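Only a predicted model underlies this, so the values are computations on that prediction, with no experimental measurement involved. Residue indices begin at 1 and follow the sequence shown.
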Amino acid sequence: MEQHTLTYKIASEPEEMEQIYKLNYETFVEEIPQHQQNQGRRLIDKFDKENTYIIAKDAGVIVGMIAVRANRPFSLDYKIDDLDYYLPKNANPCEVRLLSVKRDYRKSWVFYQLVNLLVSYCLEKQYNMALISGTDRQIRLYKRIGFEPFGPMVGREKAMFQPMYLTKKKFETTSKAFSKMMKQKKRESKQINFLPGPVAVHKEVEQVFRKTAISHRSSEVINEMKTVRTKLCELVNAKKAQIAVGTGTLANDLVAAQIKKLPGKGLILANGEFGYRLIDHAERFGLEHYTLEKRWNEGISAEEIKSFLETHQDVNWLWTVHCETSTGYLYDLNKLLEVVKKHHIKLCVDACSSVGVVPVDFQDVYLASIVSGKGLGSYPGLAIVFHQETIAPNKEIPRYLDLGVYAMTDSIPYTHSSNLIFALHEAVKKVNVESKHTLANEVRKMLTNAGFAVLGNEDYSPGIMTIPLPYSVSSKNVGDQLKENGIIISYESDYLLQRNWIQFALMGNLTLKEFETALAILQNIMNKKIKQVSNHVSK
């Protein structure tokens, strides 16, 4: 058969449900005469409100589906007396029903991929057994998957079904393909992501991201872009926001291009990797500026900034990171604003690692840059710039860096990813800085109680926990071993390796239980490393 471009997902849209009812009718009325015909040619399952439908779509058309539910009674409860008599004692079953694949797709990978997503869903819900009523026409197929028949046949003439169940263990060992699938899922399920980007995303954000891509010129994407820009402005109390396809580096280039239009010199603060990167942005754009630099993790106080400005009357703008991601150091934005207002200076902020993690108010911030794939909890790929004033296009600025072009076209001057826009909108709905603060306080206590030094204190960002390791223990080796155990932390950047630091970022969708798991593994690794060092020294 010809190749098809297919997507697989959990049904969520009204039009998908309507297609499900029609496919249900085609399969279980017209092909398998299990139900009576009707003029509407729609069949709504009696458990429809409880079902989760896993679907395969080709160009928007549903070509395959499976339904799963775990609420008792199951349909088999109505067909077999004392269903639990046939099930193992430790069973936590779900019931899988309504398997249907359109004829043209039955010799493709549709069935395998539906099962793949079904298994992911069941593992997430911690079901260890799946029950089905297998049509007598496909008994051999179900047995090849690993289903085992039990009890008597049920149904009626021309629509007979064999009750069957499939255990997790049986599925893992039935075929090479399914064994490979389960090994991959075990690797995936083990991983816990503590990176500052890409971050762990919420399941609903992931589901939205998997929708079929649509044109960035469609009214649906244009409206979504307007909505998400409005939501972002409400989140940070900003006047305007523009969104480009790119990273935080692009967002800061967009800011630099606007700063270049300002008169006078600027002042850039730096006490870590990303402050020094702002200096690099400024140098590449030829921005006239001073710098106020400190050693990494050494604070720069509002008094020091005030003193500098009093002796440098030609400063017209100040550019700084809000959260210095390399250490977790968090500048006091309110105090910065007090200083710049007094000196009539425009404040520009790189807030890539703070928005979505700590409360921010950009009402009086001239320009601010953030990204989609950090504290906002979405996928990387969108650069966001907030601005106070109306910005017009400027042909002296390279086309892609001209913020005025974005403002003139409602942030869609060029190709955009509908997947990223919709995912960002879903992620913004779920931003909860209070929960991140609570999680960070518990994590910091647990690390301290376990004997680890953590840079800073509770005034540092709750999104970053930076841990200096003793030089007798390699941070790279520790990071590598954590990765082997499914714990993904930040340690591979050159600036962390040089200082023998590791970082747990708490920007994404994470729980205290996940950190407890990670900490136990880290402690075990460190204990072994320290013991090895002690043994070597004693020899």
Side-chain angles (χ1 to χ4, degrees), residues 20-21 23-38 42-54 64-103 106 110-112 114-119 121-123 125-175 177-179 181-182:
I20 285 169
Y21 302 149
L23 181 57
N24 207 12
Y25 185 90
E26 290 173 16
T27 305
F28 300 104
V29 175
E30 296 180 335
E31 184 175 353
I32 302 173
Q34 188 178 351
H35 298 276
Q36 296 295 318
Q37 295 183 357
N38 62 66
R42 296 167 77 249
L43 178 61
I44 300 177
D45 184 60
K46 64 181 179 180
F47 300 118
D48 181 64
K49 297 299 182 184
E50 299 176 0
N51 288 343
T52 295
Y53 293 98
I54 295 166
M65 70 176 184
I66 301 179
V68 58
R69 61 185 286 270
N71 291 351
R72 300 291 290 269
F74 294 145
S75 63
L76 278 174
D77 280 307
Y78 296 106
K79 300 171 184 175
I80 295 179
D81 293 333
D82 194 10
L83 175 62
D84 291 308
Y85 170 79
Y86 297 93
L87 308 181
K89 290 183 179 179
N90 65 343
N92 181 26
C94 62
E95 185 170 51
V96 177
R97 306 172 52 252
L98 309 181
L99 168 62
S100 175
V101 178
K102 289 195 172 185
R103 289 184 183 277
R106 290 179 185 174
V110 169
F111 173 72
Y112 177 87
L114 285 173
V115 171
N116 188 15
L117 188 52
L118 172 67
V119 170
Y121 178 84
C122 291
L123 289 174
K125 298 296 183 180
Q126 298 184 333
Y127 306 140
N128 60 12
M129 173 177 290
L131 305 178
I132 63 168
S133 299
T135 173
D136 58 358
R137 307 178 189 193
Q138 297 289 352
I139 298 280
R140 291 177 61 188
L141 169 65
Y142 295 129
K143 284 185 175 180
R144 285 204 301 272
I145 298 171
F147 277 96
E148 301 178 53
F150 69 90
M153 294 279 284
V154 296
R156 54 189 176 81
E157 188 179 358
K158 295 185 180 180
M160 295 298 292
F161 297 88
Q162 173 63 59
M164 308 180 84
Y165 66 69
L166 173 66
T167 63
K168 178 181 174 184
K169 183 176 180 180
K170 186 75 171 180
F171 181 79
E172 288 177 331
T173 58
T174 297
S175 72
F178 292 133
S179 175
M181 180 193 296
M182 289 300 291

* Structure fact -> So CG of Leu43 and CD of Glu30: to nearest 0.5 Å the spacing works out to 10.5 Å
* Could you tell me whether the side chain of Leu76 reaches within less than 4.5 Å of the side chain of Ser133, counting heavy atoms only? => yes
* To do: Please check if atom CG in Asp81 has more than 12 non-hydrogen atoms from other residues, nucleotides or ligands closer than 6.0 Å.
  => no
* **Lys143 backbone acceptor or donor facing Glu148 side chain under 3.5 Å** => no
* Minimal non-hydrogen separation, Val96 against Ala130, with atom names -> CG2-CB, 3.9 Å
* **Spacing of Lys102 atom NZ and Met65 atom CE [to the nearest 0.5 Å]** => 10.5 Å
* **Validation row: Leu83, Arg72 side chains within 4.5 angstrom (heavy atoms)** => yes
* Could you tell me whether the side chain of Tyr25 and the main chain of Asn38 form a donor-acceptor pair under 3.5 Å? => yes
* Judged by atom type as modelled, is there a donor-acceptor pair below 3.5 Å linking the side chain of Asn24 to the main-chain atoms of Tyr21? -> no
* Are Leu131 and Leu87 side-chain neighbours, meaning at least one heavy-atom pair lies under 4.5 Å? -> yes
* Distance-minimising heavy-atom pair for Gly64 and Val110 -> CA-CG1, 4.5 Å
* Would you please test Phe111 and Leu99 for side-chain contact (heavy atoms from CB on, under 4.5 Å) and show each step? => CA-CA 9 Å; Phe111 173 72; Leu99 168 62; 3.7 Å; yes
* Asked: Heavy-atom distance under 4.5 Å between the side chains of Leu118 and Leu114, does that happen here?
  -> no
* For Thr167 against Met129, the heavy-atom pair lying closest together -> CG2-CE, 3.7 Å
* Any ion pair linking Arg106 and Glu31 (charged N to carboxylate O, less than 4.0 Å)? -> yes
* Asked: With a 4.5 Å heavy-atom cut-off, do Ile139 and Pro149 have their side chains touching?
  -> no
* Return yes if some donor-acceptor pair links the side-chain N/O of Thr135 with the main-chain N/O of Gln138 below 3.5 Å, else return no. => no
* Asked: What is the minimum heavy-atom distance between Met160 and Gly155, and which atoms define it?
  -> SD-C, 3.7 Å
* Between atom CG of Asp84 and atom NZ of Lys89, what is the distance when rounded to the nearest 0.5 Å? -> 12.5 Å
* Structure fact -> For Pro73 and Tyr78 the tightest heavy-atom approach is CG-OH, 3.1 Å
* Asked: Are the side chain of Gln162 and the backbone N or O of Phe150 linked by a donor-acceptor pair below 3.5 Å?
  -> yes
* Flag side-chain contact, heavy atom, 4.5 Å: Arg97 against Ser75 -> yes
* To do: Evaluate the ring planes of Tyr142 and Phe147, with Trp represented by its six-membered ring, and classify them as parallel (under 30°), tilted (30 to 60°) or perpendicular (over 60°).
  => perpendicular
* Asked: Is there a donor-acceptor pair under 3.5 Å between the side chain of Asp45 and the backbone N or O of Asn51?
  -> no
* Any donor-acceptor N/O pair, Asn92 side chain to Gln126 backbone, under 3.5 Å -> yes
* Is atom CD of Gln37 surrounded by more than 12 heavy atoms (other residues, nucleotides or ligands) closer than 6.0 Å? -> no
* Nearest-0.5 Å distance, CG of residue Asn128 to CG of residue Leu166 -> 10.5 Å
* Indicate yes or no: at least one non-hydrogen side-chain atom of Cys94 is less than 4.5 angstrom from one of Tyr121. => no
* With a 4.5 Å limit on heavy-atom distance, are the side chains of Phe161 and Ile32 in contact? -> yes
* Can any side-chain N or O of Arg69 pair as donor or acceptor with the backbone N or O of Asp48 at less than 3.5 Å? -> no
* **Which atom of Pro93 lies closest to which atom of Tyr127, heavy atoms considered** => O-CD2, 4.4 Å
